[in-house]
Protein chains: 2
Amino acid sequence: MNSTVTDYGKAAGVFKLLAHPARLQMLDELRRGEACVCHFQQILGRPQAYVSQQLGVLRDAQVVDAERDGVNMIYRIVDAQVARLLDDLLGEPDSYREAPACPCPKCGDESQVDGACNYIVMDLKEVPVPTRTREGG
Amino acid sequence: MNSTVTDYGKAAGVFKLLAHPARLQMLDELRRGEACVCHFQQILGRPQAYVSQQLGVLRDAQVVDAERDGVNMIYRIVDAQVARLLDDLLGEPDSYREAPACPCPKCGDESQVDGACNYIVMDLKEVPVPTRTREGG
DNA sequence: GCCTTATATTCAGATAACTGCATATAGTGT
DNA sequence: ACACTATATGCAGTTATCTGAATATAAGGC
């Protein structure tokens, strides 16, 4: 069995997950590494319940994965196929933007001090995206 | 200017186009070549107006392109990026299914007789999909 | 040219689904 | 207790989906 989806309803469901600006932006952040919920709150400028709801959609679809670290919940991408789709539409994560410094209130403007939510790392260790050459991009 | 989309609303709009089983199935057919409207009527089992509306959505987004041939309208994919997304999620067009014989009423069971709508061809001459190697697929 | 038939588009309208937001409640860790 | 997060519910506004009728275009017969 390969990793492709042949059922149109199921495939459309995958696209439907990505057909949402907030979810897409969060996934785009997660392509660069893990992130906590408060991180998305700052980035999206949305209330916590809203962020959690959208993350819940992605978690329910097993696109992302959550793990507790103290008071924070750390999210990361676990669906390599979705990561590939994002690469196709948004480009490689490091191709057009630096990984942003975490703008969480607890992080403040200091860059990743100890105790802050420095979950943004440039290492998708859980997402083995297949290596490819891109001649057209 | 590269071919990637950096705006989340715009990117979500692209995914939204594909987040629909009927549109997805039609695009999957179009990956294999051109097709007339009546072809989709048969494949989807939907009325003409419905098929035309969904094709209109894709046409309006400039994902597909329509050209008249006598009484028929011939559709084809013109958005290479969308074709790439479909490749990622559904696999290569020829990797899991043969190009179906056109099941239109006028085509009948005869295989592509003259005068029939033999628009299904395995040649995406209008879609210059960039060549890639897929080591992970 | 005129009429008919086949193909396809467009419009109007009803139904269903989604979105964004607020709020409330509960669980977990410090 | 307090901070962070998850989950549930309700609501108003928006959008998508699908059906059916009307319209446009092309081909063939007279």
Side-chain angles (χ1 to χ4, degrees), chain A residues 8-9 12-13 15-26 34-61 64-76 102 104-108 114-119, chain B residues 8-9 12-26 34-61 64-76 102-108 114-119:
Chain A
Y8 296 113
F15 283 125
K16 193 172 291 186
L17 288 172
L18 307 177
H20 191 285
R23 288 198 292 267
L24 204 50
Q25 186 169 2
M26 289 196 288
E34 337 177 289
C36 56
V37 176
C38 63
H39 190 81
F40 296 127
Q41 283 181 249
Q42 291 296 120
I43 288 179
L44 298 177
R46 302 280 189 185
Q48 174 263 326
Y50 175 78
V51 171
S52 185
Q53 265 180 353
Q54 299 301 338
L55 285 172
V57 172
L58 297 175
R59 193 162 17 91
D60 203 55
V64 303
D65 174 78
E67 181 193 5
R68 177 174 290 278
D69 178 34
V71 292
N72 291 315
M73 291 294 285
I74 322 299
Y75 281 83
R76 65 180 75 104
C102 184
C104 300
K106 52 189 296 192
C107 296
D114 185 67
C117 65
N118 50 352
Y119 300 128
Chain B
Y8 296 113
V14 175
F15 283 125
K16 194 171 292 185
L17 287 172
L18 307 177
H20 190 285
R23 288 198 293 267
L24 204 50
Q25 187 169 1
M26 287 194 290
E34 335 177 288
C36 56
V37 176
C38 62
H39 189 80
F40 297 125
Q41 281 182 251
Q42 292 297 118
I43 288 179
L44 298 176
R46 299 281 191 178
Q48 194 177 48
Y50 174 77
V51 171
S52 185
Q53 267 182 349
Q54 298 300 340
L55 285 172
V57 173
L58 298 175
R59 193 162 17 92
D60 202 56
V64 302
D65 174 79
E67 180 193 5
R68 179 174 285 280
D69 178 35
V71 292
N72 293 98
M73 291 293 286
I74 321 301
Y75 280 83
R76 65 180 76 100
C102 185
C104 301
K106 53 188 297 192
C107 295
D114 186 65
C117 65
N118 49 353
Y119 301 128

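Letters A, B, ... mirror the listed sequences (proteins, then strands); counts begin at 1. Note that the structure is predicted; figures quoted are calculated from it, not measured.
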B/F15 CZ - D/dT15 C1' separation (whole Å)
20 Å

Interatomic distance, CD@B/E34 vs CG@B/D65, rounded to 0.5 Å, equals 9.5 Å

Do any side-chain atoms of residues 13-24 of chain B form donor-acceptor pairs under 3.5 angstrom with protein atoms, and if so which ones, sequence neighbours left out?
{"unit_1": "B/H20", "atom_1": "ND1", "unit_2": "B/A22", "atom_2": "N", "d": "3.2"}
{"unit_1": "B/H20", "atom_1": "ND1", "unit_2": "B/R23", "atom_2": "N", "d": "3.4"}
{"unit_1": "B/R23", "atom_1": "NE", "unit_2": "B/L17", "atom_2": "O", "d": "2.7"}
{"unit_1": "B/R23", "atom_1": "NH1", "unit_2": "B/Q54", "atom_2": "OE1", "d": "2.8"}
{"unit_1": "B/R23", "atom_1": "NH2", "unit_2": "B/K16", "atom_2": "O", "d": "3.1"}

Under a 4.0 Å heavy-atom criterion, the protein footprint on nucleotides 25-30 of chain C, written with B, S and -, is ---SSS

Measure the shortest side-chain to side-chain distance between B/H39 and B/I43 over non-hydrogen atoms and say whether it is less than 4.5 angstrom.
yes

Any non-hydrogen side-chain atom of A/L44 less than 4.5 Å from a side-chain atom of A/Q25?
yes

It should be established whether A/H20 places a side-chain nitrogen or oxygen under 4.0 Å from OP1 or OP2 of nucleotide C/dC18.
no

Expressed as a whole number of angstroms, how long is the span from B/K16:NZ to D/dT14:P?
15 Å

So does B/N72 get a side-chain nitrogen or oxygen closer than 4.0 Å to the phosphate oxygens (OP1/OP2) of C/dA6?
no

Between P on C/dC11 and CG on B/D60, what's the gap in Å once rounded to a whole number?
11 Å

Regarding the side chain of A/M73, the nearest nucleotide among D/dT19, D/dA6, C/dT9 is D/dA6

When the distance from CD of B/E67 to C1' of C/dT9 is rounded to whole Å, what number comes out?
17 Å

C/dA8 P sits how many Å from B/R59 CZ, rounded?
12 Å

The reported gap from CD in A/Q41 to OG in A/S52 (rounded to nearest 0.5 angstrom) is 9.0 Å

Side-chain N or O of A/R23 versus OP1/OP2 of C/dT19: is the shortest distance under 4.0 Å?
yes

Check each residue of residues 47-57 of chain A for a non-hydrogen atom within less than 4.0 Å of any atom in DNA chain C, then write out the ones that pass by number, or none.
A/A49, A/Y50, A/Q53

Does the side chain of A/L55 reach to within under 4.5 Å of the side chain of A/M26, using non-hydrogen atoms?
yes

Once you round it to whole Å, what is the distance between C1' of D/dT15 and CG of B/L17?
14 Å

Roughly how far, to the nearest 0.5 Å, is CD of A/Q48 from CD of A/Q53?
9.5 Å

With a 4.0 Å cutoff (strictly under), does any side-chain N or O of A/R46 reach OP1 or OP2 of C/dA22?
no

Between atom CD of A/Q42 and atom SG of A/C36, what is the distance when rounded to the nearest 0.5 Å?
9.5 Å

Starting from P on D/dA26, measure out to CD1 on B/I74 and report it in whole angstrom.
14 Å

Between C1' of C/dT9 and CG of B/D65, the distance in whole Å:
16 Å

